[in-house]
Amino acid sequence: MSAPPLPGYRHIYSGKIRDLYRPEGSDDRLLVVASDRISAYDHVLDTPIPDKGRILTAMSLWWFEQLADLMPNHVVSTDVPAAVTGRAVLVERLEMVPVECIARGYLTGSGLAEYRERGSVCGIPLPDGLQDGSRLPEPLFTPTTKAAMGEHDESVDFAYVVDVVGAELAERVRTLTLEAYARGEAIARERGIILADTKFEFGVRPDGSVVLADEVLTPDSSRFWPRDQWQPGRAQPSFDKQFVRDWLASPESGWDRSSDEPPPPLPDGIVERTRRRYVEAYERLTGDTFAQQVS
Ligand SMILES: C[C@H](c1ccccc1)n1cc(-c2ncnc(N)c2C#N)cn1
């Protein structure tokens, strides 16, 4: 699903999963469009997951509301072109803070690798004996650089953020990151989902206020784990991507993850079960029914 042409909008950027447009004649608005693309093992798969863009857009909008008493956000309107209805949001164009603001409540992935090497994450020392999936004594602000497409973000310490954006803004985005994560983790936990970590992006308005932007607390910007299967000491199952990961890693796919070959198309059954996991995550978190659009 490549970025669709949208009359009245100029396409300005494509991420792995989402596309960015600018409304013609406007310099203070952007249109963020979520596709049905899914990534696994650092590949964007050829097979879309129907409704994924709509489900994650609805989830992000719901999270913006849950966090609105803590911080302003960039959402302007969901009055968007019919071609992308339900999976696009008109937002304020902000001066984006040039770091990925990551909060970790659990140790896994690159954080675990850094801990095993140095006993710390982003320069923050941690106690001995932590394992893959361990809950951290307290959530950590573990920022990274914003790497170019296809490159990997690099972990940086808080001093780096201060150097790049100044002490006041660095403190502000750290505080907001940890407040938003704590709120999100508590809400998700009550509903059977562990938010192990998440990435926020902030921007700054002309008046200097710091605004929550991008997508928020979705399975694309966060690790979603089923709470009832949490077991430190092993890789945790992904709430949303485990069917895809397991199939791609199975002999049935015929794919060699260590090769340079792109992953094969997904079978219909894997697509449907994955779609249902996104619907389940949305419905568990919000308490609402996801209304599939009749196109
Ligand atoms: C990385 C992310 C992205 C989103 C969607 C598709 C591809 C990339 N992005 C967000 C902005 C951005 N810039 C100015 N103001 C804003 N409110 C936002 C937002 N959100 C620039 N890039």
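Ligands are counted one by one from 1 in listed order, and the atoms in each one are counted from 1 as well. Being a predicted model, the structure only gives us computed values, none of them experimental.
In Q131, the CD atom is crowded: over 12 heavy atoms of neighbouring residues, nucleotides or ligands sit closer than 6.0 Å.
Below 3.5 Å of separation, one finds an N or O of L94 facing an N or O of ligand 1. Between D214 and ligand 1, an N or O atom pair is found at a separation short of 3.5 Å.
Remark: R276 engages E272 in a salt bridge, criterion side-chain N to carboxylate O under 4.0 Å. A salt bridge is defined here as a Lys NZ or Arg NE, NH1 or NH2 lying under 4.0 Å from an Asp or Glu carboxylate O, and D240 with R277 fails to meet this definition. We find that D153 and K199 are not joined by a salt bridge, their nearest charged nitrogen and carboxylate oxygen being 4.0 Å or further apart.
Under 4.0 Å from ligand 1, the heavy atoms of L30 that appear belong solely to its side chain. Only side-chain heavy atoms of V32 come within less than 4.0 Å of ligand 1; its backbone N, CA, C and O stay farther off. Contact annotation: for M96 versus ligand 1, heavy atoms closer than 4.0 Å belong to the side chain alone.
Of all atoms in ligand 1, listed by their number and element, those nearer than 4.0 Å to a heavy atom of Y13 are 7 (C), 8 (C). Atoms of ligand 1 found under 4.0 Å from any heavy atom of V91, numbered from 1 in the order shown, are 17 (N).
Relative to atom 19 (C) of ligand 1, the option among H74, E92, K199, E100 with the closest non-hydrogen atom is H74.
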